[in-house]
Participant: 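Structure in structure tokens, see below.
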Amino acid sequence: MQSKVSSVQKPAAPSLKGFEWRNYIVYFAFVGVLIYFSISLSDEGFLTSANLLNIVRQTATISLMALAMTFVISTGEIDLSVGSIAALSSLVGALAIQAGYGIIGGLIGGVGTGLVVGLINGLLVTKVAIPSFLVTLGTMGAVKGAAMWVTDTAPVPIVDANFNFIFGSGDIGPIPVLLIWTLVFTVIAHILLRKTSFGRQVLATGGNESAARFSGVKTMKIKLMVFLATGLMAGLAGLLYAGRMNAGRFSFGEGDELSVIAAVILGGTSLFGGVGTIIGTIVGSLMIGTINNGLIIMGLDVSQQMIIKGVIIILAVAFGKKAMKR
Amino acid sequence: MEQPILEMRGINKAFNGITVLNDVHFSVKKGEVHALMGGNGAGKSTLMKILTGVYTADSGEILIEGQPVTIKSYDEAQKNNISMIFQEFSLIPTLTVAQNIYLTREKKTSIGLLDDKDCEKKTEKLLEELGVDIRPNDLVHNLGVGYWQMTEIAKALSQEAKILIMDEPTSSLTKNETEVLFSFINKLKAKGYSIIYISHRMDEIFEICDRITIMRDGRYVTTEKCSETDLDTVISHIVGMQFDQAFEWKERTYALDVPPIFEVRNLSAEHVQDINLKIQPGEIVGIAGLMGSGRTELLRNLFGIDPIKSGDIYINGQKHSIKNPKNAIEAGLALIPEDRRMQGLVLEHSVKDNMTLPILSKVKKGAFIDSKKSNEISKEFVRKLNIKTDNIFKKAGLLSGGNQQKIVLAKWLANDPTVLMLDEPTIGVDIGAKTEIVEIIRAMAENGKAILVVSSELPELLALSDRVIIMHDGKIKKEMTRREIKSEEELQYAIQGF
């Protein structure tokens, strides 16, 4: 007997409605934003290659953090501490260089700081079972406090020209090093999420945690790993801030959690876990960067930019939620 | 004699000194569908939890193909080729069928990346062998419930499972889906897989199973061939000769010459059709039926949790339009839900806070809660319902199941409803508290309330009800006065639809 009964709810053909639309909305939106600024800001030089490369430079830190955040959000968790980690890491990295430990010392100091905070976040979420929202809300404040305290809010200048070249202001030919950082990590993150068992288990954990556990996924280990990832990338982002600005400073990364989460959600990663996309995240991040850039050129100040970013997050989640119901 | 593929011998298990399994035997042959039957609390699920490593037996042994094995976790059960088929919760909806089946067991390419092509090919072959009509790269999210189960079965088989445990596998399936599942089970049987089939539906069991093992009160009763037994015998084994003083029916009187206090006319909704129902003041009406017959759904419709399509609800002769639970409460309805931990109580809150939640407006003094008054009300209920708690400020979650249920009752008694609806009021409650809860419900009826009780525990239903309504496929199939029902067996028959 063939198991074909017409009235049984058949698996729908890969549904083209809604679901896919939601996956691609960020690309349309990005193109729309580009076109809008190109026309309205054509006299201010928005579309010049100098300005476009500038957007990439300004976006690199957000992009790196957003790549890691994609993994965290795909497991159904959240990390609000990334901006604060970037601040502390920029300072620890700058202090290490100032103390004569060189570029490697700075790298270890900055990235190590991020990993330590990531480990604390991860352990509190997995071992103490505190919701990640609360854990990282706490560490966001505590780490920011540490960043202000470590030099008594004084910036730490970095005079190592090589560091500043590699981690910020350098160009190789016409290509900014920050673009290279972004590209390399985008490729790594994409392969990790799509092509490795780690990525698959991240998506499984976010899709249905108990089912994942029953299938042999060590969900706690996966969650710990994703918080280490945001710690690592936020640490690196802190160094990129330091390299670009030639200093470590407690105010770096302020409000970045908003941009980072907006980029990820806008890109099509589900805030409810289980669905994640790296390409979407990068486009989302570039879009946030482009909007920031355009608004600055238009003459809006930081406060107005924050309002617009906040609205974008809410709209992105609202769209995502609507599509989820289908 | 052929060696059984699975044998459980002399299994004993007790929780907190209460014996739940007493010297239970169970054996399954290769290539058979073996039904495991028994009333609620007979010990079926505990036995299966021991088999799948969720619990460990206090004593007894498990043999697979004659070899003794120890199973201390679900992993170890799977290593012994035993798989539990969960109804729908053990798949990841956001992954594809192939990704689900091979999750954590994916083949890797030479550089360590996932070889999805290989998974899809293997899945396609597996699905083809099993004759399941889905594609490996379909998102599980987009599949019907019936296909979820088949995907799970395919997953189990890909893990070399030889013994599959299915617990009420058809409860959320339509008739067509059930047919598809049954033809699928027959194919599995022909391929030599063994299936332990847990269900209350006798017609299904006689259709699909080869043998039946019956348990009662934590003991093994008998194992029979389906072809050599009949419904009578099976029912009498399930019911046994239990005689429970606590659950004796008391004939009650209530006014028949007055208009009904609660009336439902031609109610239809997603899961129920054409429901007509009248309850007199002081009458207790029981609703019996199998899982999925629409019992719980009907209560949810009446209480405004799920929308109704058509039909009217009258309370005290007045028509009420009930669109949400707030309307329902205002109209004088109360619902004590099946899952009190999820729906009935805020476990983190105190006994008092739980009791006074629905009546906050009555204990207010201006804008503030009158704590003296709410304390008094709570204390009175603790005394009246004999709730065992140190004080009214103790967290509800810390009390026993029976006492928690009494809090839920108190919560609604405080609101003084006209119609009290209860869904499985004594599930997970010890026998002492059960009797007390039955008494509380009776006392409510004595006060002239209309009571509507859904229960799958027939002795309880028979002890309480003045009238029993039997539901089947969302419709009222039969109605019997308590006096007409001679025995539990007779009610069983009616429920099974014979």
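Here is how names work: the chains are called A, B, and so on, in the same order as the sequence lines, proteins then strands, and each is numbered from 1.
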Participant: Applying side chain to side chain contact (heavy atoms under 4.5 Å, CB included) to K155(B) and S215(A), what does each step give before you reach the verdict?
Facilitator: CA-CA 10 Å; K155(B) 180 174 175 177; S215(A) 307; 2.6 Å; yes
Participant: On a heavy-atom basis, which atom in A211(A) and which in I92(B) lie closest, and how many Å separate them?
Facilitator: CB-CG1, 4.2 Å
Participant: With a 4.5 angstrom heavy-atom cut-off, is it the side chain or the backbone of L95(B) that approaches chain A, or both, or neither?
Facilitator: side chain
Participant: Just wondering, are more than 12 heavy atoms of other shown residues or ligands nearer than 6.0 Å to NZ in K475(B)?
Facilitator: no
Participant: Can you tell me which portion of I191(A) sits under 4.5 Å from chain B's heavy atoms? Options are side chain, backbone, both or neither.
Facilitator: side chain
Participant: Quick one: list whatever passes side chain to side chain contact (heavy atoms under 4.5 Å, CB included) with A229(A), sequence neighbours left out.
Facilitator: A68(A)
Participant: What part of D116(B) lies closer than 4.5 angstrom to a heavy atom of chain A: side chain, backbone, both or neither?
Facilitator: side chain
Participant: For atom CD of E76(B), decide whether the heavy atoms of other residues, nucleotides or ligands shown that lie under 6.0 angstrom number more than 12.
Facilitator: yes
Participant: Not counting sequence neighbours, list each pair that qualifies as a salt bridge (Lys or Arg N to Asp or Glu O under 4.0 Å) and has a residue in residues 201-221 of chain A.
Facilitator: E209(A)-R213(A), E209(A)-K223(A)
Participant: With a 4.5 Å heavy-atom cut-off (strictly below), which parts of residues 45-57 of chain B touch chain A? List them by number.
Facilitator: none
Participant: Can you confirm whether K395(B) is buried at NZ, in the sense that more than 12 heavy atoms of other residues, nucleotides or ligands lie under 6.0 Å from that atom?
Facilitator: no
Participant: Most heavy-atom pairs under 4.5 angstrom with chain A, which of E106(B), Q99(B), Q159(B)?
Facilitator: Q99(B)
Participant: Kindly give the heavy-atom pair with the smallest separation between T94(B) and G274(A), and that separation in Å.
Facilitator: OG1-O, 3.1 Å
Participant: Which of residues 194-206 of chain A have a heavy atom under 4.5 Å from any heavy atom of chain B?
Facilitator: R194(A), K195(A), T196(A), S197(A), R200(A), Q201(A), L203(A), A204(A)
